[in-house]
Amino acid sequence: MKLVVTLLCGITALLPAGQASACQDVAPARPAAPVHLRLDEAVVAALANAPALAAAAAQEQAARWKERAIARSRWGQVDGVALYSRYQDDQLLRPMAIQLFGPRGFAALPWDRDQFHYGLTFQVPLYLGGRLSAAVDVARLQADQAALLLEGSRWEMRANVTSLYTAAQALEAVMRALDQNLAALDATRLKVVLMVDQGRRPGLDLLKLDDEIEDARARRAGLAADNARVRSLLLALAGRDPWLTLEVDSLPSGEPHLTLGHTDLAGLVRESSPIRRAETATAQAGAGVKVAGAAMHPTVSARANVMQNYGLSLGDQLGTWDISVALTVPLFNGGARSAELASAREAERAASQAALKVRLDREAQLVDALARFEASRQAVVAARARIASAAEAARIEQIRYDTGAGTVEDLLRARARELAAASAMAQAQGDQFATAARINAVVEKEVVQ
């Protein structure tokens with residue numbers, strides 16, 4: 001039915017792939033006690049148990065630790081080293097020494113070919129041309145992006161849960177309307193059977209009525225399947241067993257209302273997390289330009305070594321230490337640093353354009369959500385009028401048919417219009433609350449209540 005397609009459109013695509021595919025598997029239902037969830041309970045459970053949110057939170061923590069690790073590298077590092085060596089002195093050192101100093105010089109001194117060295121090495125950066133500070137900025141901005149992603153994912157999860165919950169409510173309302181329609185058709189069938197037996201109505205009327213009843217039962221079964229699917233998805237989002245029987249509240253009688261004007265909403269949407277995340281990505285790309293530029297600057301670092309040296313055969317021990325300051329000046333690398341800098345600048349330009357696109361897309365989403373919210377409000381008003389007129393028309397056609405003044409086609413059309421009006425009312429109410437949740441998700445604030 002068009003109702004089901006409209007209510008479920010876009011919901012499955014927003015869910016994790018594992019949850020969406022799991023609900024397509026067919027397995028025998030397991031008996032269990034029904035579970036009742038209010039909308040706020042479903043939202044709280046989804047926010048607490050959704051694996052996607054847990055993954056986003058872990059990514060943020062990982063980025064924060066990476067920022068801390070890069071920042072702490074400015075204090076240098078101390079390493080313990082150990083070295084064992086065996087020299088080929090008879091073929092290398094001693095022949096060289098004989099040629100340089102003669103047989104009684106350096107070559108006559110005791111030389112241990114088996115040596116062991118151990119100690120500590122320390123190095124600390126003194127000047128890196130701004131490379132370290134820029135790298136810290138890159139890591140910090142990456143962590144900020146992860147935090148903004150988590151914030152936006154929470155609002156998207158709220159909207160998804162609300163959409164599924166209102167879809168379940170609307171499907172249940174349509175099923176109730178279809179049950180009432182079936183009950184009316186079954187009652188009419190009993191009368192038609194008597195009329196046919198008495199010769200007051202042709203047997204064709206009974207065949208047409210039976211066809212309509214069977215079609216309604218088939219639609220009822222399809223709605224039940226869609227209802228089970230929506231509720232299983234909702235249970236999965238809430239971290240509950242999808243095999244459970246879920247009970248939801250009925251569609252509320254009241255209507256959501258927008259508490260802010262369009263100007264205020266436009267200001268809020270520009271502060272939403274996707275736009276801020278895109279702006280942060282632009283700033284991160286700018287820090288990347290600084291990192292690439294710093295690679296062309298000289299670097300200065302201090303180094304120190306404290307070592308103990310043993311001659312294993314002679315038993316000699318000697319302690320040594322040294323301190324040095326190293327200056328490294330980049331001179332030539334085939335233009336690789338210039339290419340890296342040009343690449344970083346283009347990446348910054350691309351990030352800036354991407355941020356502009358995100359802002360425009362987000363504002364377009366707000367315009368679309370507001371238009372759909374207004375359309376659903378008008379649809380609710382129209383559906384209320386349709387329900388009253390369709391119910392009265394069905395009542396009149398039932399009387400006309402019972403008295404022999406009407407045809408079975410007129411009666412069936414009236415019943416169909418009555419069911420369509422009830423279905424339209426449920427769909428309009430569901431759309432209204434779903435679009436309200438979408439507006440709140442776009443601006444990331446409870447502006448529709």
Side-chain angles (χ1 to χ4, degrees), residues 51-83 117-154 273-309 319-331 333 336-348 350-352 354-355:
L53 296 181
Q59 289 176 355
E60 180 190 0
Q61 291 302 316
R64 296 295 180 192
W65 280 110
K66 183 177 181 180
E67 175 194 358
R68 184 175 300 181
I70 295 176
R72 289 184 175 181
S73 66
R74 68 176 73 249
W75 302 108
Q77 64 183 56
V78 178
D79 298 313
V81 296
L83 174 66
H117 314 270
Y118 73 93
L120 299 175
T121 64
F122 174 73
Q123 58 182 0
V124 59
L126 300 180
Y127 175 73
L128 298 178
R131 185 183 310 174
L132 181 58
S133 299
V136 172
D137 291 339
V138 170
R140 175 179 54 80
L141 292 170
Q142 184 176 0
D144 293 342
Q145 286 189 69
L148 291 170
L149 176 62
L150 176 60
E151 180 182 349
S153 299
R154 289 182 178 276
S273 61
I275 295 179
R276 287 187 292 157
R277 190 168 71 248
E279 293 173 347
T280 303
T282 303
Q284 184 181 10
V289 173
K290 294 181 180 178
V291 172
M296 299 182 177
H297 299 163
T299 60
V300 180
S301 60
R303 302 171 185 172
N305 295 283
V306 178
M307 302 293 294
Q308 287 292 328
N309 310 280
T320 60
W321 61 269
D322 70 90
I323 298 176
S324 62
V325 176
L327 171 65
T328 304
V329 180
L331 297 178
N333 66 342
R337 296 187 184 92
S338 300
E340 288 289 344
L341 180 59
S343 175
R345 287 172 176 168
E346 291 301 324
E348 182 183 21
S352 177

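Because the structure is predicted, anything quoted here is derived from the model rather than measured. When reading the values below, keep in mind they use all heavy atoms of this one structure, side chains included, and skip hydrogens, waters and symmetry mates.
- Closest heavy-atom contact between Met296 and Pro330: O-CG, 3.3 Å.
- Checked by atom type and distance alone, the side chain of Ser153 pairs as donor or acceptor with a backbone atom of Leu149 at under 3.5 Å.
- Taking OG1 of Thr320 as the start and CD of Gln308 as the end, the distance is 7.5 Å to the nearest 0.5 Å.
- In terms of heavy-atom proximity, Ala139 sits nearest to Glu67 at CB-CA, 3.5 Å.
- Each of Arg276, Arg277, Gln284 was checked for a side-chain hydrogen bond (donor to acceptor under 3.5 Å, both in side chains) with Gln145, and the lone residue meeting it is Gln284.
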Practice prompt. Mind running side-chain contact (heavy atoms from CB on, under 4.5 Å) on Arg64 and Asp144 for me, showing each step along the way?
Written response: CA-CA 9 Å; Arg64 296 295 180 192; Asp144 293 342; 3.1 Å; yes

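- For the atom pair OG of Ser133 and CZ of Arg74, the computed distance is 5.0 Å after rounding to the nearest 0.5 Å.
- Residue Ala278 comes nearest to Ala355 through the heavy atom pair CB-CA, 3.6 Å, listed as atom of the first residue, atom of the second, then distance.
- Between Phe122 and Val78, the closest heavy-atom pair is CD1-CG2, 3.2 Å.
- Residues Thr299 and Pro125 form no side-chain contact, since every pair of their non-hydrogen atoms from C-beta on lies 4.5 Å or further apart.
- Between Leu341 and Val289, the closest side-chain pair of non-hydrogen atoms falls below 4.5 Å.
- Heavy atoms from other residues, nucleotides or ligands lying under 6.0 Å from CD of Glu348 number more than 12.
- The distance from atom CG of Leu148 to atom CD of Glu279, rounded to the nearest 0.5 Å, is 9.5 Å.
- If you take CZ on Arg154 and CG on Leu53, they are separated by 5.5 Å, rounding to the nearest 0.5 Å.
- Between Gly288 and Val138 the shortest heavy-atom distance is N-CG2, 3.9 Å.
- A distance of 7.5 Å separates CD of Gln77 from OG1 of Thr121, quoted to the nearest 0.5 Å.
- The two residues Leu132 and Ser73 have their closest heavy-atom pair at CD1-OG, 3.3 Å.
- In this structure, CH2 in Trp321 is found 15.0 Å from CE in Met307, a value given to the nearest 0.5 Å.
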